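Encoded as structure tokens, the structure appears first; notes follow it.
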Amino acid sequence: RNHPQTHSCSLMEQYDLSANTVIDDPRALTDKITLIRDAGPSKFQVIADFDATLTRYRVNGIRGQTSHGLLQQGNEYYDAKRQALYEHYHPLEISPVIPIEEKTKLMEEWWSKTHDLLIEGGLTYDAIKNSVANSSIAFREGVTELFEFLEKKEIPVLIFSAGLADVIEEVLRQNLHRTFKNVKIVSNRMVFNDDGQLVSFKGKLIHVLNKNEHALDMAAPLHDQLGVDIGEEDEENNVYVKQRTNVLLMGDHLGDLRMSDGLNYETRISIGFLNDNVEKNIESYREAFDLVYLNDAPMWGALELVSRLFSTEA
Ligand code: TMP
């Protein structure tokens, strides 16, 4: 008698993990593309995580740095203290057993202590520039082209990060060699005094557990955070972002899907970059994201997608 057929084929056989893209439901994706295309670029925005989403997970074979990770204050004592905090809190950040309320408190603690050390250590803007110049951080290939395409179509890109806005901006400046007027960063923003030393942080502290909670609300007072006068036009832009109810969301964690929580979106296409523990995570990523990119894929897929959405638009 034959044993019933078991379905024990490995994930390697189910999906071609050597390929870059996994799409759970190609038809649903096509339907979303049609809906978004029909609504036009004025209804569309892009929301992206920064670390390991816009940037590569590996750079020259080693784990790429984050906006926090690359920062060297030029003062070994403070760098070592921040590193010690990382070693204490990072395992708590990724622990699956700590209840969320408790973890939120711990993350607030970590971020405040780190911010205090940066202030106490007298971080300067020059130190940020030098840190970025010496860092191992790199954008995925195609990020510039993606931003350029979106800029031409006047489509806003919101980058959400629990890292450091000023560092992220410097990374953009040094690595993309230009700024984009459609790209806004929602992250922890520094205040420097006239001597170029960090004196405080602006606005609400954004840590890894609250960044997605009210992400779009955090984007609303964006101009406050940027220290820019809110002119009528800017205010309209903020409203504008909330009215762009079709969205392309990009992240590298399942939690990043919550970045669009503050938006009452109509149609959302989500892209997940699965960078690590691929076999263990592929199922959940495949179910959660419309498109999953593996193998530290470049941004060409996202560019192709937005070109498909709006290439024929004026
Ligand atoms: P995000 O890039 O997903 O928004 O999260 C920021 C990451 O920064 C988070 O995984 C923890 C990390 N981090 C550091 O590496 N050093 C620090 O000092 C702090 C506060 C956070």
Side-chain angles (χ1 to χ4, degrees), residues 47-57 59 62-73 75 77-96 98 100 103-121 123 127-128 131-132 135-140 143 157-172 184-190 198 201 203-216 218-219 225 249-261 271-277:
I47 299 178
D49 168 61
F50 181 71
D51 291 310
T53 296
L54 294 176
T55 60
R56 297 177 55 97
Y57 186 71
V59 180
I62 54 160
R63 178 76 181 86
Q65 287 177 310
T66 63
S67 64
H68 272 294
L70 66 82
L71 197 54
Q72 300 289 319
Q73 281 176 254
N75 179 325
Y77 173 77
Y78 285 98
D79 288 340
K81 277 194 123 175
R82 283 187 299 117
Q83 180 60 25
L85 287 178
Y86 178 87
E87 278 156 27
H88 174 73
Y89 284 104
H90 182 63
L92 305 174
E93 178 193 359
I94 58 175
S95 159
I98 301 173
I100 193 81
K103 204 188 264 196
T104 303
K105 283 208 188 87
L106 290 165
M107 294 302 105
E108 278 167 9
E109 223 175 80
W110 180 14
W111 258 255
S112 330
K113 284 181 185 170
T114 296
H115 286 187
D116 286 350
L117 286 172
L118 291 171
I119 296 168
E120 219 183 287
L123 179 76
I128 294 180
S131 301
V132 172
S135 67
S136 62
I137 195 165
F139 284 99
R140 290 178 193 274
V143 167
V157 179
L158 293 181
I159 300 176
F160 287 124
S161 172
L164 300 159
D166 306 72
V167 176
I168 293 172
E169 266 168 13
E170 191 57 31
V171 173
L172 285 161
K184 310 268 181 208
I185 295 153
V186 183
S187 188
N188 297 295
R189 192 163 289 277
M190 300 170 180
L198 173 65
F201 280 83
K204 194 172 179 234
L205 185 128
I206 303 175
H207 57 76
V208 77
L209 285 180
N210 75 353
K211 89 163 181 177
N212 298 341
E213 242 168 52
H214 307 290
L216 257 285
M218 287 188 187
Q225 289 188 29
L249 180 148
M250 298 193 280
D252 70 314
H253 287 119
L254 293 174
D256 289 331
L257 285 160
R258 297 200 51 198
M259 292 191 296
S260 54
D261 276 9
I271 292 181
F273 288 91
L274 175 49
N275 297 312
D276 210 9
N277 287 323

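For ligands, and for the atoms within them, numbers begin at 1 and follow the listed sequence. Just so you know, these numbers come straight off a predicted model, no measurement behind them.
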> Which residue pairs pass the side-chain hydrogen bond (donor to acceptor under 3.5 Å, both in side chains) test when at least one of the two sits in residues 63-72, sequence neighbours left out?
Replying inline: none
> Quick one: are Ser161 and Asp51 in side-chain contact, heavy atoms under 4.5 Å?
Replying inline: yes
> Any idea which residues sit under 4.0 Å from ligand 1, heavy-atom distances?
Replying inline: Asp49, Asp51, His68, Tyr86, Glu93, Trp110, Trp111, Thr114, Ser161, Ala162, Val208, Lys211
> Between Trp110 and Tyr89, how do the two ring planes meet: parallel, tilted or perpendicular, split at 30° and 60°?
Replying inline: parallel
> Taking the side chain from Asn210 and the backbone from Leu205, do they hold a donor-acceptor pair closer than 3.5 Å?
Replying inline: yes
> Would you call Arg82 and Tyr86 a side-chain contact if the rule is heavy atoms closer than 4.5 Å?
Replying inline: no
> Can you find a pair of side-chain heavy atoms, one from Leu198 and one from Asp166, that are under 4.5 Å apart?
Replying inline: no
